[in-house]
Asker: 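Quick one: the structure is below, questions incoming.
Lettering of chains follows the sequences in order, A, B, ..., and the numbering in each one begins at 1.
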Amino acid sequence: MKRRNFIKHATRTAILPAMIQGTGMAAFAKSPLMRALHEDLEETDRVLVLIYLGGGNDGLNSVIPVDQYDRLSKARPDVILPENSLLNLDGVSEVKLHPAMSGLRNLYGEGKLGIIQNVGYPNQSYSHFRSTDIWMTGADTDELLPTGWLGRYLNAEYPNYPVEYPNPEVPDPLAIEIGYNLSVAFQGPVTGMGMVVGDPEWFYRLVNDVDETTPNTQAGEKLKYIRLITKQSQVYGEVIKNAASKVTTQSTYPDNELGEQLRIVARLIAGGLKTRLYMVSLNGFDTHDAQVLGSDHRLGEHANLCRH
Amino acid sequence: MKSSVTQKESIPQRSNVGRFGRFLTTGLAPYSGEWTDQERYHLLRRTMFGLSMDTLEAYHGLNLDQCITTLLTKSPNPTVPVNDYNSVEITDPLVPAGETWIHNSERNNDKITSGRIVSLKSWWIGAMLDHPPTMHEKMIFFWHNHLATQSWEVYWPHLTYRHFDKIRQNAFGNFKTLVKEITLDPHMLLYLNGALNRQEAPDENYGRELQELFCIGKGPDAKFTEEDVQTAARVLTGHSIDWDKGGEYLYRWYWHDSSDKQFSSFYGNTVITGKEGEDGAKELDDLIDMIFNQNEVAAFIIRKIYRMFVYSDIDEATEENVIAPLAAIFREADYEVIPVLQSLLKSEHFFDIANRGALIKTPLDFMIGFWRTGGVKMPSGANLVQRRQIRTSMLWTMSTLGAEAMDPPNVAGYPAYYQFPQFDRDWITTNSITTRALITDSFVYWGYWSEDLLTTIDLIEHCATLPNPEDPEKLVDGLLGLHLAFPASEAVRQRMISTLLTGQQNNYYWTSAWFDHRDNPADAMKKATVELRLKVMFQFLLQLSEYHLL
């Protein structure tokens with residue numbers, strides 16, 4: 001995989017989209033992630049795990065630009081966090097973290113977390129759905145793209161996928177999404193470039209060997225799609241199960257939606273899967289009136305989500 | 001059979017049907033082609049869940065007009081949900097087992113609230129499993145997807161029941177009336193924060209979705225502005241609920257913004273004159289009139305109807321030949337739904353051979369359709385709670401397939417109806433396709449599991465409903481015609497026949513096995529001989545990719 005190309009594609013449309021937005025570039029330069037982005041990574045065993053925060057995270061209440069705290073509290077009096085409750089990042093004065101994000105603060109201290117701020121696009125859409133599509137496809141505000149930014153990248157790297165895949169050189173899924181649906185982000189020009197995994201230990205062998213021609217009609221196109229996905233479920237389902245079965249013990253993960261998904265990802269990586277891209281998701285960020293408790297802005301649904 | 005598929009060299013810009021370079025030219029002219037079981041089944045599959053025996057009997061011998069009249073008849077209301085959730089863990093102190101809980105607004109005990117929510121969802125699944133042979137139940141699913149809410153978010157089950165009852169009563173009614181009722185519906189007022197929308201702190205959520213998701217959409221001609229969203233929210237201030245009285249609707253005039261509201265040029269620069277006191281509530285009528293005066297409303301809803309009942313992708317020819325004229329009918333009828341459904345379901349476009357089998361089954365079409373078409377029955381002797389448990393198992397199963405009844409992923413409904421470019425392909429993933437196979441295999445082989453009962457499909461009884469089940473060729477043809485919306489290949493047909501004959505050449509082996517069992521129903525060996533072959537054949541049939549087409 002040509003990592004450098006990936007980064008080129010990725011930075012054009014923004015990495016870690018929903019997680020961080022805001023102002024300034026404060027916590028940016030020293031991060032290991034940024035170093036990684038600049039290194040020559042033609043050949044690599046690195047893996048990118050994207051965490052989709054469904055509903056859209058409130059970046060300004062996650063990474064708080066304290067150098068503009070007064071303006072912020074005027075603009076957002078109903079949700080502003082008390083300044084003295086915010087968590088410091090070592091060596092950073094411009095931004096602080098939400099009080100519930102002590103885990104991420106510690107990771108930063110250990111040099112394991114990078115934060116990219118000021119990621120966004122002009123003429124932001126306030127529609128929940130349109131803006132989700134924009135982040136997933138990397139489109140401009142007024143542009144409708146049928147493919148995702150990751151899907152386009154993978155298609156550029158593996159132009160013939162899914163024909164002749166898997167093969168000895170690329171035996172594993174190109175991308176894996178934990179959950180029930182494949183995000184638009186992984187949609188390529190011809191087909192979805194990722195594979196959806198619920199339970200990696202679960203693999204169901206189907207009876208049909210379907211290798212029939214399909215007519216070039218509307219129904220034929222759907223049929224072809226179903227056959228393709230069926231075939232992928234069979235060839236990759238076994239690969240994934242085999243990788244999972246190689247890992248019998250894992251360290252303890254937090255008992256929540258996100259922890260469980262990351263545990264699966266870690267297990268597949270440890271099991272030797274060469275898949276480079278994973279996506280997991282945590283929903284509930286469309287918090288509206290429940291974002292903070294009126295009595296204490298440090299608490300509320302957003303705080304609970306940030307604690308993950 | 002007539003096909004109107006034509007090859008087109010240029011791909012329309014806004015279309016992705018052009019992916020395979022074809023589009024249709026048929027429109028709303030009444031269908032006048034052949035009228036056989038194939039056409040009838042196409043109509044019934046798309047408008048109901050599966051093809052149950054009583055459906056086939058009800059429509060036997062009817063012509064197209066008669067079919068449409070029957071389809072568009074309102075079904076009687078199902079009996080109300082009852083306490084079928086009492087268990088070792090929960091006993092509802094307020095509602096005895098077997099009595100309805102829908103008049104009780106308590107929600108202080110999480111176990112009881114959750115029990116009622118699951119009971120309600122299972123009740124709806126029951127209504128779908130037993131639905132009378134009309135289109136009513138599928139229209140409820142249509143409106144639920146269109147005016148989507150999530151019952152776990154609202155977490156007040158008697159309000160969820162009432163919300164769905166509004167949808168049920170208006171499913172064949174007037175869209176404008178439905179939108180007004182849903183705007184004032186406590187379930188929706190809670191779900192999209194309208195209940196908290198007040199002059200001092202306007203909440204844009206409902207004002208936005210009313211336009212973006214429910215009425216105008218996001219099409220190229222939907223040019224309402226961000227200010228229109230905010231202004232609509234101001235019109236809606238004050239429509240709230242009474243938390244102390246079970247969440248009843250309450251107009252709080254003292255929360256209402258009574259200033260004049262100026263809308264953009266998209267709405268012809270309409271000004272909604274502000275009203276004071278209780279009269280402030282009437283501004284809603286002005287808002288709805290203003291929105292429904294836009295041509296885009298009808299076109300937007302028609303596209304949604306089209307995607308659920310005809311085909312997923314809309315190209316320019318379809319826009320011109322189907323969407324635009326249907327939208328005109330919708331406007332002409334002042335947003336009555338029936339005339340639209342009549343024209344669409346009678347049209348040559350609906351019966352165009354290219355549209356048949358060209359949708360992918362939703363998890364509901366898959367699961368409830370399988371149950372109804374296969375004549376699956378609740379295990380004999382199952383009591384109230386056990387019947388609920390079986391429907392609850394189906395609820396969680398359909399949830400793993402991507403559709404939990406009464407809780408679509410978000411307020412936009414299911415991605416299958418809006419997510420370009422995937423649309424209904426979204427139902428099929430590497431995960432869901434194997435889960436679907438596991439479900440049908442369970443019914444066929446070892447029983448579909450609920451808390452303490454197994455449900456199976458009686459394959460012999462099912463086959464006995466078809467003509468000449470003793471003739472392997474006729475049986476296979478009958479099953480293919482009933483279960484598949486897409487014609488199976490000769491290879492598939494031969495493999496099924498061969499399975500019945502266990503690879504032998506003589507049809508008579510099956511015939512004699514069938515009659516042997518029929519004449520000696522108590523002989524377990526003779527029954528097993530027939531059943532074993534049917535199991536293998538059904539597993540194959542139900543795992544076919546074609547089986548997932550609608």
Side-chain angles (χ1 to χ4, degrees), chain A residues 54-55 78 125-130 132-133 144-147 173 177 179-182 184 187 190-192 194-199 202-208 210 212-214 216-234 236-237 240 283 286 288-290, chain B residues 5 16-17 19-22 24 193 196 201 203-205 208 212-213 218 226 229 311-313 353-360 400-402 409-412 415 418-422 424-426 428-435 437-438 485-486 489 491-492 539-540 543-546 548-549:
Chain A
D78 292 335
S125 168
Y126 291 103
S127 153
H128 298 30
F129 303 103
R130 180 67 198 132
T132 305
D133 288 352
L144 187 63
L145 285 180
T147 56
E177 179 159 355
Y180 298 121
N181 299 83
L182 190 68
V184 177
Q187 188 63 39
V190 181
T191 184
M195 149 119 197
V196 177
V197 173
D199 177 354
W202 190 81
F203 169 63
Y204 197 60
R205 174 65 69 192
L206 305 180
V207 294
N208 293 332
V210 272
E212 297 192 54
T213 52
T214 49
N216 186 23
T217 60
Q218 294 182 162
E221 181 262 340
K222 297 276 175 76
L223 186 60
K224 206 167 163 180
Y225 182 78
I226 297 168
R227 285 182 176 157
L228 172 71
I229 300 295
T230 306
K231 197 173 157 199
Q232 288 182 350
S233 80
Q234 297 300 289
Y236 288 125
I240 287 169
N283 288 309
D286 189 11
H288 287 282
D289 57 294
Chain B
V5 177
N16 66 332
V17 175
R19 277 189 239 196
F20 50 99
R22 282 161 184 268
L24 311 187
N193 311 88
L196 296 167
D203 190 303
E204 296 166 12
N205 212 3
R208 179 185 310 284
E212 179 180 322
L213 293 178
K218 291 179 286 187
E226 195 56 29
V229 168
Y311 183 59
S312 51
D313 303 81
I353 192 75
N355 283 326
R356 300 194 205 169
L359 281 176
I360 291 174
T400 68
L401 295 177
N410 56 49
V411 61
Y418 67 84
Q419 189 65 65
F420 171 81
Q422 280 289 82
D424 56 339
R425 300 162 191 88
D426 186 77
I428 301 296
T429 69
T430 46
N431 199 30
S432 72
I433 197 74
T434 42
T435 307
L438 182 63
F486 183 88
S489 68
V492 163
Q539 181 186 35
F540 175 76
Q543 282 195 19
L544 283 173
S545 296
E546 290 88 336
H548 303 289
L549 296 176

Asker: Any side-chain to backbone donor/acceptor pair from A/Q218 onto B/A358? Under 3.5 Å, distance only.
Answerer: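 Such a contact is absent between A/Q218 side chain and B/A358 backbone.
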Asker: Which one of B/E204, B/E226, B/H548 has the most heavy-atom pairs closer than 4.5 Å to chain A?
Answerer: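 Most pairs with chain A among the choices: B/E226.
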Asker: Checking B/L213 against chain A: side chain, backbone, both or neither under 4.5 Å from a heavy atom?
Answerer: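 Interface part for B/L213: side chain.
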Asker: At a heavy-atom distance under 4.5 Å, which candidate from B/L196, B/N205, B/V411 has the highest pair count against chain A?
Answerer: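 Looking at each option in turn, the highest pair count goes to B/N205.
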Asker: Side chain, backbone, both or neither: which part of A/V184 has an atom under 4.5 Å from a heavy atom of chain B?
Answerer: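 Side chain only.
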Asker: Checking A/L145 against chain B: side chain, backbone, both or neither under 4.5 Å from a heavy atom?
Answerer: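 For A/L145, backbone heavy atoms alone lie under 4.5 Å from chain B.
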Asker: Taking atom NZ of B/K218 and atom CG of A/D133, what is their separation to the nearest 0.5 Å?
Answerer: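 With rounding to 0.5 Å, NZ (B/K218) is 6.0 Å from CG (A/D133).
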Asker: Could you look at A/N283 and say if it's the side chain, the backbone, both or neither that has a heavy atom under 4.5 Å from chain B?
Answerer: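 No part of it gets close to chain B.
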Asker: Looking at A/K224, I'd like to know if its NZ atom is crowded, meaning that more than 12 non-hydrogen atoms belonging to other residues, nucleotides or ligands lie closer than 6.0 Å.
Answerer: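 Not buried by this count: 12 neighbours or fewer within 6.0 Å.
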Asker: For chain A, which candidate among B/L438, B/V492, B/N410 shows the most heavy-atom pairs at distances under 4.5 Å?
Answerer: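 The answer is B/L438.
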Asker: So for B/D424, is it side chain, backbone, both, or neither that comes closer than 4.5 Å to the heavy atoms of chain A?
Answerer: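 The side chain, not the backbone.
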Asker: Distance from A/L206 atom CG to B/F540 atom CZ, nearest 0.5 Å?
Answerer: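 A/L206 atom CG to B/F540 atom CZ measures 12.0 Å (nearest 0.5 Å).
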Asker: Could you state the interatomic distance from CD1 (B/I428) to CG (A/L182), rounded to the nearest 0.5 Å?
Answerer: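 With rounding to 0.5 Å, CD1 (B/I428) is 13.0 Å from CG (A/L182).
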Asker: Please report the closest heavy-atom contact between B/S545 and A/T230, naming both atoms and the distance.
Answerer: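 In this case the closest contact between B/S545 and A/T230 is OG-OG1, 4.1 Å.
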Asker: Taking the side chain as every heavy atom from C-beta outward, state whether A/L223 and B/F486 have any atom pair closer than 4.5 Å.
Answerer: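 Counting from C-beta outward, A/L223 and B/F486 do come under 4.5 Å.
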Asker: Is A/K222 paired with B/E546 through a side-chain N to carboxylate O contact shorter than 4.0 Å?
Answerer: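 Salt bridge flag = no for A/K222 with B/E546.
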Asker: Would you say the side chain of A/Y225 lies within less than 4.5 Å of the side chain of B/Q422, judging by non-hydrogen atoms?
Answerer: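 Side-chain contact under 4.5 Å: yes.
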Asker: Measure across A/A219 and B/G357 and return the closest heavy-atom pair with its distance rounded to 0.1 Å.
Answerer: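 Of all heavy-atom pairs spanning A/A219 and B/G357, the closest is CB-O, 3.5 Å.
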Asker: Please classify the contact of B/Q543 with chain A as side chain, backbone, both or neither, using a heavy-atom distance under 4.5 Å.
Answerer: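 It is both, since atoms from each part get that close.
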Asker: Tell me the closest heavy-atom pair linking B/T430 and A/I229, and the distance in Å.
Answerer: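 Residues B/T430 and A/I229, closest heavy atoms: N-CG2, 3.3 Å.
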Asker: Distance check, rounded to the nearest 0.5 Å: B/N431 atom CG versus A/M195 atom CE?
Answerer: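 Rounded to the nearest 0.5 Å, the CG-CE separation comes out at 8.0 Å.
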Asker: With only heavy atoms counted, which part of B/T429 is less than 4.5 Å from chain A, the side chain, the backbone, both or neither?
Answerer: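 Both backbone and side chain of B/T429 come within 4.5 Å of chain A.
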Asker: Does any part of the side chain of A/I226, heavy atoms only, come nearer than 4.5 Å to the side chain of B/L549, both counted from C-beta?
Answerer: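 B/L549 reaches A/I226 side chain to side chain.
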Asker: Output the distance between atom CD (B/Q419) and atom OG1 (A/T132), rounded to the nearest 0.5 Å.
Answerer: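 Spacing of CD (B/Q419) from OG1 (A/T132) equals 8.5 Å.
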